[in-house]
Amino acid sequence: MKKLIFVGILGLFVLGSCNNSTVTHTHNEHDHAAEGHNHEAEGPDHSHEGECSGEHNHEAADEHNEAAEAHSDEIILPKAKAEAAGVKVSVIEPAPFQQVIKTSGQVLAAQGDESVAVATVAGVVSFRGKVTEGMSVGSGTPLVTISSKNIADGDPVQRARIAYEVSKKEYERMKELVKNKIVSDKDFAQAEQSYENARLSYEALSKNHSAIGQSITAPIAGYVKSILVKEGDYVTIGQPLVSVTQNRRLFLRAEVSEKYYPYLRTISSANFQTPYNNQVYELKALNGKLLSFGKAAGDNSFYVPVTFEFDNKGEVIPGSFVEVFLLSSAMENVISLPRTALTEEQGIFFIYLQLDEEGYKKQEVTIGADNGKSVQILTGVKAGDRVVTEGAYQVRLASASNAIPAHSHEH
């Protein structure tokens, strides 16, 4: 009777251990030999391996791990943080795009919009006040004074005045004598010519002359582009001193490789990027137009020039070298993204797709034509995708800082 009670209690203990799955049941804990208990004779199998609910728990864990792996490449960026970081998302739709020829070029001052103040006398330069490059000047604004006081030849204005006064007296004297045929008409004509030359020279020099020297003024209203001399320099007549530009119209001169010559006739406009602020300008927004393209390469060059003209509405510096994107024939139904949507890692380009309100995914893409503002996407994006077009680097930083071990938010 005692044996039966013991076996019943032992059976209940084993059943309880199945529900707990944390107890390891061994028969060595009991000394059945002393009581003569024979397990083989009683028939019940006390081996409980695999009978507990552990198998079900492992299957559930596997399913959860598979779900986590499906979201392992997802980047979580809360909506509030995305808005604060300036992240913007756009739905991609096919649109027209243009073939692009990428090259280099230079911005030049348009003809008639630039003038140079030159020395009218020889002498030593001194600036009138503080003359700096970029300053605004009006037509006739004094820029430089040239002094000839200590020059061996003397003050040219004084010499011109003396020559003028002498020739004037000689002319007036001969004017009376020619009436009485005392001097010939030929001698009188020579005297008259000498007088007129001396008068013109003196009037030209004395116009901007003062006690301190000859004043050189701005020939046009505009901005000082470049200062070509230094304080104390000796200059000669006709030497350039200060360049002044109005900057109303500018030229864009692009140098195109000969291999693109067959496509030059299809070029309609251009974009260009400046090196000092990395801003991309569109000629169509600057009232730009194509002036001409070369029919042949230069004598010492393998490049063909293409010239545009445009309004200088932006902070474009004449003379600066720029990166040029020549816009050629049109293409229809092209997937394109702004440059701000792309990130680059070791020469490979990526964009970020928005999966839901807070979830993003990194996507590799291959690019095609680049017009400086937008880039043609060949693979990796399709119509209808929601792509991060601004703030892509913020999403990239979030992917590095989150370090999400598994899917951590609800859909």
Side-chain angles (χ1 to χ4, degrees), residues 103-148 151 156 204-205 207-210 212-255 270-281 283 286-288 291-292 298 300-301 303 305-324:
T103 184
S104 60
Q106 187 177 14
V107 177
L108 305 170
Q111 296 174 353
D113 285 350
E114 188 172 317
S115 185
V116 179
V118 299
T120 55
V121 296
V124 178
V125 169
S126 62
F127 288 98
R128 298 287 296 272
K130 189 176 182 180
V131 180
T132 58
E133 294 181 351
M135 68 178 288
S136 176
V137 295
S139 178
T141 301
L143 299 174
V144 175
T145 297
I146 302 176
S147 175
S148 304
I151 304 301
L205 291 174
K207 182 178 180 181
N208 294 315
H209 187 70
S210 65
I212 60 175
Q214 189 73 13
S215 179
I216 307 300
T217 61
I220 59 174
Y223 302 89
V224 175
K225 176 185 176 183
S226 57
I227 299 173
L228 307 173
V229 292
K230 301 188 296 295
E231 184 83 16
D233 281 354
Y234 174 80
V235 296
T236 58
I237 296 175
Q239 182 173 336
L241 304 176
V242 179
S243 173
V244 180
T245 178
Q246 293 178 328
N247 277 356
R248 283 202 303 261
R249 294 286 285 178
L250 297 175
F251 286 153
L252 173 64
R253 179 185 172 96
E255 300 290 341
N271 301 337
F272 66 93
Q273 184 175 20
T274 57
Y276 42 85
N277 59 9
N278 288 326
Q279 184 174 347
V280 177
Y281 295 91
L283 290 190
L286 298 174
N287 193 28
L291 291 182
S292 64
N300 300 317
S301 173
Y303 294 90
V306 179
T307 306
F308 300 87
E309 186 181 26
F310 64 96
D311 290 338
N312 185 18
K313 296 179 181 178
E315 298 297 327
V316 181
I317 302 175
S320 59
F321 290 90
V322 295
E323 188 175 15
V324 183

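In this chain, residues are counted from 1 in sequence order.
Counting only residues at least two apart or on different chains, no salt bridge (Lys or Arg N to Asp or Glu O under 4.0 Å) pair has a member in residues 130-146. Residues in residues 215-226 take part in these salt bridge (Lys or Arg N to Asp or Glu O under 4.0 Å) pairs, two or more places apart or across chains: Glu114-Lys225.
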Handout entry: CA sep, side-chain torsions, deciding dist, call: Val137, Val224, side-chain contact (heavy atoms from CB on, under 4.5 Å)
Key = CA-CA 7 Å; Val137 295; Val224 175; 3.9 Å; yes
Practice task
Please report the C-alpha distance between Leu241 and Leu143 in whole Å, then the side-chain angles of each, then the deciding distance to 0.1 Å, and finally whether the side-chain contact (heavy atoms from CB on, under 4.5 Å) criterion is met.
Solution key: CA-CA 9 Å; Leu241 304 176; Leu143 299 174; over 6 Å; no
Practice task
Run the numbers on Asn278 and Gln273 for side-chain contact (heavy atoms from CB on, under 4.5 Å), then give the verdict.
Solution key: CA-CA 6 Å; Asn278 288 326; Gln273 184 175 20; 3.8 Å; yes
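For the pair Gly138 and Ala218, the tightest heavy-atom approach, listed with the atom from each and the gap, is O-CB, 3.5 Å. Taking both residues in full, the closest heavy atoms of Leu252 and Ala270 are given as CD2-CB, 4.5 Å, listed atom of the first, atom of the second, then distance. Across Thr103 and Ala254, no two heavy atoms sit closer than the pair CG2-CB, 4.2 Å. In this structure, Gly319 and Gln106 approach most closely via the heavy-atom pair O-NE2, 3.1 Å. Here the shortest heavy-atom pairing between Ala122 and Ile237 reads N-CG1, 3.7 Å. When all heavy atoms of Val244 and Pro219 are compared, the closest pair comes out as CG2-CD, 4.3 Å.
Shown here are the side chain to side chain contact (heavy atoms under 4.5 Å, CB included) partners of Ser126, two or more places apart in sequence or in another chain: Thr145, Glu231. Residues forming a side chain to side chain contact (heavy atoms under 4.5 Å, CB included) with Leu228 (at least two apart in sequence, or on another chain): Val116, Ser226, Pro240. For Thr245, the side-chain hydrogen bond (donor to acceptor under 3.5 Å, both in side chains) partners two or more places apart in sequence, or in a different chain, are Asn247. In this structure Arg128 satisfies the salt bridge (Lys or Arg N to Asp or Glu O under 4.0 Å) test with no other residue, sequence neighbours excluded. A search for side chain to side chain contact (heavy atoms under 4.5 Å, CB included) contacts involving Glu309 returns Ala110, Arg249, Phe251, Lys289, Leu291, not counting sequence neighbours. Qualifying ring-ring contact (aromatic ring centres under 6.0 Å, His included) partners for Phe310, counting only residues two or more places apart in sequence or in other chains: Phe272. Taking the side-chain hydrogen bond (donor to acceptor under 3.5 Å, both in side chains) definition, one finds that Asn287 meets it with Asp311, sequence neighbours left out. Listed by chain and residue number, Asn277 satisfy the side-chain hydrogen bond (donor to acceptor under 3.5 Å, both in side chains) test with Thr274 (two or more places apart in sequence, or in another chain). Annotation: side chain to side chain contact (heavy atoms under 4.5 Å, CB included) contacts of Thr236 (sequence neighbours excluded): Tyr234, Gln239.
Here the CG-CG distance, from Leu250 to Leu108, works out to 8.5 Å after rounding to the nearest 0.5 Å. Summarising the geometry, atom CZ belonging to Phe321 is positioned 9.5 Å from atom CD belonging to Glu255; distances are rounded to the nearest 0.5 Å.
Residue Ile146 forms a side-chain contact (heavy atoms from CB on, under 4.5 Å) with just one option from Val229, Ile216, Asp233, and that option is Ile216.
Using modelled atom types, no side-chain atom of Tyr281 and backbone atom of Val316 make a donor-acceptor pair closer than 3.5 Å.
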